[in-house]
A.B. asks: 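First the structure, then my questions, so here it is.
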Number of protein chains: 2
Amino acid sequence: MYRLTNSLPYMLNRVGVRMGDLFSRRIAGYGVTLPMYRAMAALWEVGDQRLGDLAAMTTIEISTLSRLVGEMKRRGLVTRTRLKDNARTVAINLTPKGRALAEELIPIAVHFENVAVRNFPSKNISDLKSVLAEIYDSLNSIEPEIEEVNKARKAARTKT
Amino acid sequence: MYRLTNSLPYMLNRVGVRMGDLFSRRIAGYGVTLPMYRAMAALWEVGDQRLGDLAAMTTIEISTLSRLVGEMKRRGLVTRTRLKDNARTVAINLTPKGRALAEELIPIAVHFENVAVRNFPSKNISDLKSVLAEIYDSLNSIEPEIEEVNKARKAARTKT
DNA sequence: ACATGTCATTTGCAAATGCAATTATTGTCT
DNA sequence: AGACAATAATTGCATTTGCAAATGACATGT
C-alpha cells in the first residue's frame, strides 16, 4: 500500500529542506543566503562559468540566478563579464573578497555535514551519495518517458 | 578537498528538486501543484490532521500551507473545520472529491518512482530510504548543536 | 471571574520566484 | 551579404513565499 511518507521524492525533499534550512540559519549571520552560498561554492569549485552552466550546477532557475548574481556583484563577491569572442555569454567569477568569504563558509559547511552524519558509518554515507549521483544522472534519460503526457499536450498546443 | 558537488545537502537538493520538478510537470494537467499533491497524499495517508501537523508532515511552511488549504477548500478538495472541543485548532480532511483525485494521482506517483529507480537494485533503494529516514530523525537532536551561534545571537537579542 | 500567558491559525506585507517576452549576439542557409 | 533561426542572458509581471504581527481560543494563577 502506498504511503507518501515512504516515497522517494517525499523523503528526499524532507531531508533536503530540513538540512538546507538548518544550514541557512547557520550562515545567516554572514549575510549569506543558501542559494548565495551554493553559487559561491560552485564557483569556488569550478570558476569562470557561464550563467546557464552555473544554473545547471546549482539547480537554481536561470532568471532567479541572473538576479542573484546581480546582487552578488553589487556586494563585490563576483564579477560578471561579457566574453569578447562570444558576447552573448557571460563569465562569472569570484572576486578575491568572494573567494575569501567562500573559504570562510566552506569549513562551516564541512562541519555541518560532519555533525549531521556522525551517527552513521561512513560507508553508508558514501553509498548514499553514489546512489544519489546515479539517480540524478538517470533522471535525464527517463525524462522523455515520464513526460509522455506533457509532450502530447505541448505538441497539440504548438500545432495551434 | 571540499567540493560542493560532493556535499550531502547539495546532492539531496539537486535530486529532490529535479524529481519534484519532473513529477510536477507530470501532474500539472490535473491542475494540481506538487505541494497540493503532497498535502492530499498526506491526508490520504493520515486523515483528520491539524494544520501544524500537516505542515510538519509535508515540510510546507505553516502560513503557506494555510493558504494552500484555503485554495484546496475553495476547490472542494478538503474540508477545514474548527473543533468544537478545541476551537483554536482545525481539522483538515479530504472530501470525497479530494479523495478520488488523490487516488487518481497516487498510481501516477508510484509509476513515476518505479521508472525513476528501475535501473537500481531494490536493495539499494530501500537502503537509501532507511538512511534518509534515520538522518532526518537525527537532525532534530543535532539542531541545538548546529545552531550554537544563532542561539547566542537570539539570547542577546532577547535580553535587549 | 479576571488578568495574563500560551497555543493554533490566519493575514499583512515585502521579498523572492518563475514563466514568458525581450534584448543582444552569433550561426546558418541561400 | 542579407534574412532568418538559434542561443544566452535579462527583465516585466503576476504569483508564491515566509516572516512577523494579529486574531481567536484555551489554560493558569490569583
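The figures here come from the full heavy-atom set of this structure, side chains too, leaving out hydrogens, waters and symmetry mates. Chain A is the first sequence line, chain B the second, and so forth, proteins listed ahead of strands; every chain is numbered from 1.
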A.B. asks: Take the protein atom CG of B:Leu51 and the nucleotide atom C1' of D:dG24, then report the distance between them rounded to whole Å.
C.D. replies: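 So the CG-C1' distance, B:Leu51 to D:dG24, works out to 15 Å.
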A.B. asks: Rounded to the nearest angstrom, tell me the gap between atom CD in A:Glu61 and atom P in D:dA9.
C.D. replies: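 Going from A:Glu61 (CD) to D:dA9 (P), I get 13 Å.
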A.B. asks: Just so I know, are the side chains of A:Leu8 and A:Ile135 near enough to count as touching, which here means a heavy-atom distance under 4.5 Å?
C.D. replies: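 Yes. Closest side-chain heavy atoms under 4.5 Å.
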A.B. asks: Heavy atoms under 4.0 Å is the rule here; annotate nucleotides 11-16 of chain C 5' to 3' with B where the base is hit, S where only the sugar-phosphate is, and - elsewhere.
C.D. replies: BBB---
A.B. asks: Without hydrogens or angle criteria, can the side chains of A:Asn140 and B:Arg18 be said to hold a donor-acceptor pair below 3.5 Å?
C.D. replies: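 B:Arg18 and A:Asn140 do have a side-chain donor-acceptor pair below 3.5 Å.
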A.B. asks: Between D:dA8 atom C1' and A:Leu54 atom CG, what is the distance in whole Å?
C.D. replies: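 Rounded to the whole Å, the gap is 14 Å.
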A.B. asks: Salt bridge or not between B:Arg67 and B:Glu71? Use side-chain N to carboxylate O under 4.0 Å.
C.D. replies: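 Salt bridge between B:Arg67 and B:Glu71, a charged N being under 4.0 Å from a carboxylate O: no.
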A.B. asks: Can you tell me the distance, in whole Å, between the CZ atom of B:Arg80 and the P atom of C:dA8?
C.D. replies: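 Value for this atom pair: 17 Å.
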A.B. asks: Treating primed atoms plus P, OP1 and OP2 as sugar-phosphate and everything else as base, which nucleotides of nucleotides 21-28 of chain C get B, S or - for protein heavy atoms under 4.0 Å?
C.D. replies: ----BBS-
A.B. asks: Taking the side chain as every heavy atom from C-beta outward, state whether A:Phe120 and B:Ser138 have any atom pair closer than 4.5 Å.
C.D. replies: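 Yes, their side chains come closer than 4.5 Å.
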A.B. asks: Regarding B:Arg26 and B:Glu113, does a basic nitrogen lie under 4.0 Å from an acidic carboxylate oxygen?
C.D. replies: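 Looking at B:Arg26 and B:Glu113, the cut-off is not met.
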A.B. asks: If you define the side chain from C-beta out and look only at heavy atoms, does anything of A:Met40 sit under 4.5 Å from A:Leu105?
C.D. replies: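 Yes, close enough: below the 4.5 Å cut-off.
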A.B. asks: Answer yes when A:Glu45 and A:Arg99 have at least one side-chain N-carboxylate O distance shorter than 4.0 Å, and no when they do not.
C.D. replies: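 No, this pair does not count.
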A.B. asks: Roughly how many Å is it from CD in A:Glu71 to P in D:dT11, rounded to a whole number?
C.D. replies: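 Rounding to the nearest Å, CD of A:Glu71 and P of D:dT11 are 14 Å apart.
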A.B. asks: When the distance from CG of B:Asp21 to C1' of C:dT17 is rounded to whole Å, what number comes out?
C.D. replies: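 These atoms are roughly 13 Å apart.
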A.B. asks: Could you check whether B:Tyr30 and B:Tyr37 have their ring centres less than 6.0 Å apart?
C.D. replies: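 Ring-ring flag for B:Tyr37/B:Tyr30: false, centres at least 6.0 Å apart.
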A.B. asks: On DNA chain C, check which nucleotide each of A:Ile60 and B:Leu65 is closest to and give me the residue with the more 5' one.
C.D. replies: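 Upstream on the strand: B:Leu65.
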